[in-house]
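Encoded as structure tokens, the structure appears first; notes follow it.
All heavy atoms count here, side chains included; hydrogens, waters and symmetry mates do not. Just so it is clear: chains get the letters A, B, ... in the order the sequence lines come, proteins before strands, and each one is counted from 1.
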Amino acid sequence: MNLEGLNEVQKKAVTKTEGPLLVLAGAGSGKTRVLTTRIAYMIKELGIDPYNILAITFTNKAAKEMKERIINLIGPSAYEMQISTFHSFGLSIIKENYEKLEYKKNFTIFDSDDSLSVVKKIIKEMNLDPKQYNPRGIKSKISSAKNELITPEEYEKFVTNEYEELVYKVYKSYQKKLKVNNSFDFDDLLIMPIKLFNENKEVLKNYQERFNYVLIDEYQDTNEAQYILTKMISAKYKNICVVGDENQSIYSFRGSNYRNILNFEKDYANSEVIMLEENYRSTKNILEAANAVIKNNKQRKDKKLWTRQDEGVKIKYKRLVDEKDEAFFVKAKIKSLLEDGVTRNNIAILYRTNAQSRNIEEVLLAENIPYKVVGGFYFYQRKEIKDLIAYLKLIHNSNDDISLQRIINVPKRKIGLKTIQKIQSRANDLNSSLFDSIESGKELEFKKIINDIIAKKPKLSITELVEEVLDKSGMRQELKNEKTLDAEIRIENLEEFKSITKSFEERYGTIMLDEFLEEISLVADIEEYKDKRDVVTLMTVHSAKGLEFDYVFVIGLEETIFPHKNSLMDNEQLEEERRLCYVAITRAKKELFLLNAKRRRIFGMDTYSPQSRFIEEIGDEFLESLNSENDVSISNARNIDSSIEYKIGDNVTHITFGEGIVVAINKSILSIAFPHPYGVKSIMKGHKSIRKE
DNA sequence: CGGCAATGTGTTTTT
DNA sequence: CACATTGCCG
């Protein structure tokens, strides 16, 4: 096993395999390399069975990457290893033990929207005004409680006011509903294994024996449930290695607690601590800028990253007129980088909120610069896709009342509120699911459709099953009848869904419905199923954690955006924004551009914000301002050939997005439907990026 | 029951 | 601005 090329500290982190180990790994300190080498070392040098190793990462992407890198190091035996996110690890335990949890095999997983629907429904049933009691707020309270491992019974004890009393009632009923629906929400994927282990010590023992080597990445982002789960699994052998950096803790809104990492030494006796402080990623300027920002946080261990690298060029800062100008600046800069021979894969644009991607997309689109948006909710969030998935969920688990209610009248079957109330009350009387309680009326026809598909299911592939649903449900026909552009796009999207199922089948062979539903509920990011292309990357700073790029643009550095307005009042939250900024800066290897806009349209309203405080915190030493007194907008240049006429239905080819169909024309703007995952894009008539067939 | 217009409400961040 | 929800009419 070749450990050359690792520094002394890294080598130690690789070879100290027994007992508790805390690796404090600063940004860019070669953490992933250490982790993968460590696992390879354990298997190859020490002969540890990969089956006995559990590695937990924070995102599916990280899990996938880690697995690939280990396979490169040691070959296919790495497939024996469990490398997954906390949530998919939890799910795998649930799958092996659903009976002990008193669930049926065909359980489903509720996504955040499903959970919200349940809460809304409960509030309605309690005859409360959802305006007065915001369902989102209540849902988030419930989720926090669950992640703190507080049961409804325990929650009741802490109730101090009317609102908490209400949350308690909703929480209790929420849990009951999940159970009746034979379903788990995201939080359950962590909690249920803990419950299982508490009630079945021998089950826990089996997992402890199996996973006698445990590795946890991004430990600073673990919440209470994840913390306890980790502790339980590793309690027997205590061969636990956690890796993290409290300066990069950015998920407290999800209950994560960076104190878990600070307390590690107290939690595990005889633990060893290794600090990786040499940064191999960024230039001195970038690294020092990051240090300058983070030192403003009071709550942190004092540690400082250093690098042997050159100073590099100063960070560029530019304040622009508005968000369009900002996007144009990014585009212009990217173009010149590309002309200098930089490849698109080495460029990223980072932002605080998902909504900010839009302006950038429009400009890149018009300029034929291929890009991908990572993590956007894009596809799976579309109505028609969610409807289709609801059909699949109901077919899989007929107890899923939430899915049933979503689609019982999709397409329109003249089943309205009255009918649903009727079914509901019969279901209550019979103590059955909505689906089982149906025995007459229009709804019986719906039931028949579902039952027919269920009967055919064993003989069908997922793609065929989807086809069957689109066909027999009447969804496709209804959209076809509409003959609107909107409907056409929806049909396109549904067809596109089949290309996902197909790529699944090509990749994994025959896949069962439950596996498929599982996958799409846990891996929301469609980019994961696509081949790597040479494109510019757009994503939130949160999604960028763990990644690196030669050239990084951070946009929207304004007070109220970054730091976000909701965080300005609370110092704890402000410090988290600052850590987020630290993450953003440290993504860059060679050059960093910081941008903001004087004026920005938010909710259709013009808003004016001063520059982000983080700009000043970096200071002139590392920062070069590109602002001058007489700045003018640069966003008026356009390249259009107005002589080309278009009509709806025209086939066009876009250099980046391939073949598309014109689905709408609004003055000089064309709406063109492109294949998945691009969807419908707006492009100027006659723009040089498109060619009429 | 469906359709349409009026009204209102919201965006941090993600498994 | 974009969308979801509500209220009213046929």
Side-chain angles (χ1 to χ4, degrees), chain A residues 56-63 84-91 109-113 115-117 120 124 129-131 134-137 140 143 146-147 184-191 218 221-223 225-226 249-256 323 350-359 374-377 380-383 409-420 441-442 478 482 486 518-525 528 539-545 556 558 560-568 570 573-574 576-577 579-581 583-584 600-607:
Chain A
I56 302 278
T57 61
F58 201 67
T59 63
N60 293 295
K61 195 181 207 162
S84 54
T85 62
F86 265 112
H87 288 85
S88 41
F89 173 58
L91 176 59
I109 300 163
F110 276 4
D111 66 21
S112 316
D113 278 329
S115 300
L116 187 62
S117 303
K120 277 182 184 162
K124 241 177 218 159
D129 182 7
K131 264 165 206 144
N134 179 255
R136 289 179 100 94
S140 120
S143 177
K146 291 181 79 165
N147 279 305
F184 299 102
D185 69 8
F186 277 138
D187 303 324
D188 286 335
L189 301 182
L190 306 172
I191 296 176
E218 308 283 6
D221 283 324
T222 49
N223 63 30
Q226 293 164 334
S249 162
I250 54 175
Y251 281 96
S252 71
F253 66 91
R254 213 169 73 187
S256 83
E323 72 277 9
L350 309 182
Y351 35 82
R352 178 66 178 82
T353 66
N354 282 302
Q356 288 170 261
S357 73
R358 206 165 158 162
N359 294 304
V374 174
F377 308 87
Y380 291 118
Q381 202 164 262
R382 291 167 201 241
K383 243 181 270 158
N409 201 32
V410 178
K412 308 255 154 55
R413 299 186 176 94
K414 309 206 171 206
I415 298 173
L417 200 62
K418 279 267 160 59
T419 312
I420 290 177
K442 300 238 168 37
E478 186 189 48
E482 254 189 61
D486 187 58
E518 205 177 278
E519 187 79 16
I520 59 175
S521 59
L522 254 42
V523 184
D525 194 349
E528 309 238 341
M539 62 184 149
T540 62
V541 181
H542 281 88
S543 310
K545 196 171 63 160
E558 296 136 48
T560 71
I561 303 267
F562 195 3
H564 194 270
K565 60 173 186 291
N566 296 358
S567 309
L568 296 177
D570 177 306
Q573 287 188 59
L574 196 60
E576 178 145 322
E577 295 285 313
R579 290 193 293 270
L580 196 56
C581 182
V583 169
R600 190 179 290 277
R601 274 184 100 73
I602 298 171
F603 296 143
M605 290 262 291
D606 277 342
T607 10

Minimum-distance pair of heavy atoms, taken over all atoms of A/Thr560 and A/Leu568: N-CD1, 4.3 Å
Between A/Asn60 and B/dT15, is there a contact of a side-chain N or O with OP1 or OP2 at under 4.0 Å? no
Give a yes/no answer on whether the side chain of A/Thr59 brings an N or O atom under 4.0 Å of OP1 or OP2 in B/dT15. no
For the backbone of A/Ile109 and the side chain of A/Asp185, can you confirm whether one donor and one acceptor N or O come within less than 3.5 Å of each other? no
Nearest to the side chain of A/Lys383, which nucleotide is it out of C/dA4, B/dT15, B/dT11? C/dA4
Here the distance between atom P of B/dT13 and atom NZ of A/Lys545, to the nearest Å, is 16 Å
Out of B/dT15, B/dT13, C/dA4, whichever nucleotide has its closest atom nearest the side chain of A/Phe186: B/dT15
Protein-nucleotides 1-4 of chain B N/O pairs under 3.5 Å:
from	atom 1	to	atom 2	distance (Å)
B/dC1	OP1	A/Gly416	N	2.7
B/dC1	OP1	A/Thr419	OG1	2.9
B/dC1	OP2	A/Leu417	N	3.3
B/dC1	OP2	A/Lys418	N	3.4
B/dG2	OP1	A/Asn409	ND2	3.3
B/dG2	OP1	A/Lys414	N	3.1
B/dG3	OP2	A/Lys412	NZ	3.2

Nearest-angstrom distance from the residue atom CG of A/Asn147 to P of B/dT14: 16 Å
Starting at CD1 of A/Ile191 and ending at P of B/dT15, how long is that distance when rounded to a whole Å? 18 Å
To the nearest Å, give me how far apart CZ (A/Phe110) and P (B/dT15) are. 20 Å
Please classify the nucleic acid contact of A/Lys120 as base, sugar-phosphate, or nothing, using heavy-atom distances under 4.0 Å. sugar-phosphate
Under 3.5 Å donor-acceptor, A/Tyr351 side chain and A/Val541 backbone: no
Which heavy atom of A/His564 sits nearest to which heavy atom of A/Thr353, and what is that distance? CD2-CG2, 4.2 Å
d(CD, A/Gln356; C1', C/dC1) in whole Å: 16 Å
Over all strands shown, is A/Gln573 touching base, sugar-phosphate only, or nothing at heavy-atom distances under 4.0 angstrom? base
Can you tell me how far P of C/dA4 sits from CG of A/Leu116, to the nearest Å? 12 Å
N/O donor-acceptor pair under 3.5 Å between A/His542 side chain and A/Ile250 backbone: yes
On DNA chain B, more 5' by nearest nucleotide between A/Asn566 and A/Phe86 is A/Asn566
Given side chains that start at C-beta, do those of A/Arg600 and A/Ile561 come closer than 4.5 Å, heavy atoms only? yes
Which nucleotide wins on minimum distance to the side chain of A/His87, given the candidates B/dT14, B/dT11, B/dT15? B/dT15
Which nucleotide, B/dT14, C/dC1, C/dA2, lies nearest any side-chain atom of A/Phe603? C/dC1
Taken to the nearest whole Å, CG/A/Asp221 to P/B/dT14 is 12 Å
Could you check whether A/Ser112 gets within reach of a base, just the sugar-phosphate, or nothing at all, counting any heavy atom under 4.0 Å? base
To the nearest Å, give me how far apart OH (A/Tyr351) and P (B/dT14) are. 9 Å
Please name the pair of heavy atoms, one in A/Ser521 and one in A/Phe186, separated by the smallest distance, quoted to 0.1 Å. O-CZ, 3.4 Å
Give A/Arg136 one of three labels, base, sugar-phosphate or nothing, depending on what nucleic acid heavy atoms sit under 4.0 Å from its own. sugar-phosphate
Using the six-membered ring wherever Trp is involved, compare the ring planes of A/Phe58 and A/Tyr251 and label them parallel, tilted or perpendicular (cut-offs 30° and 60°). tilted
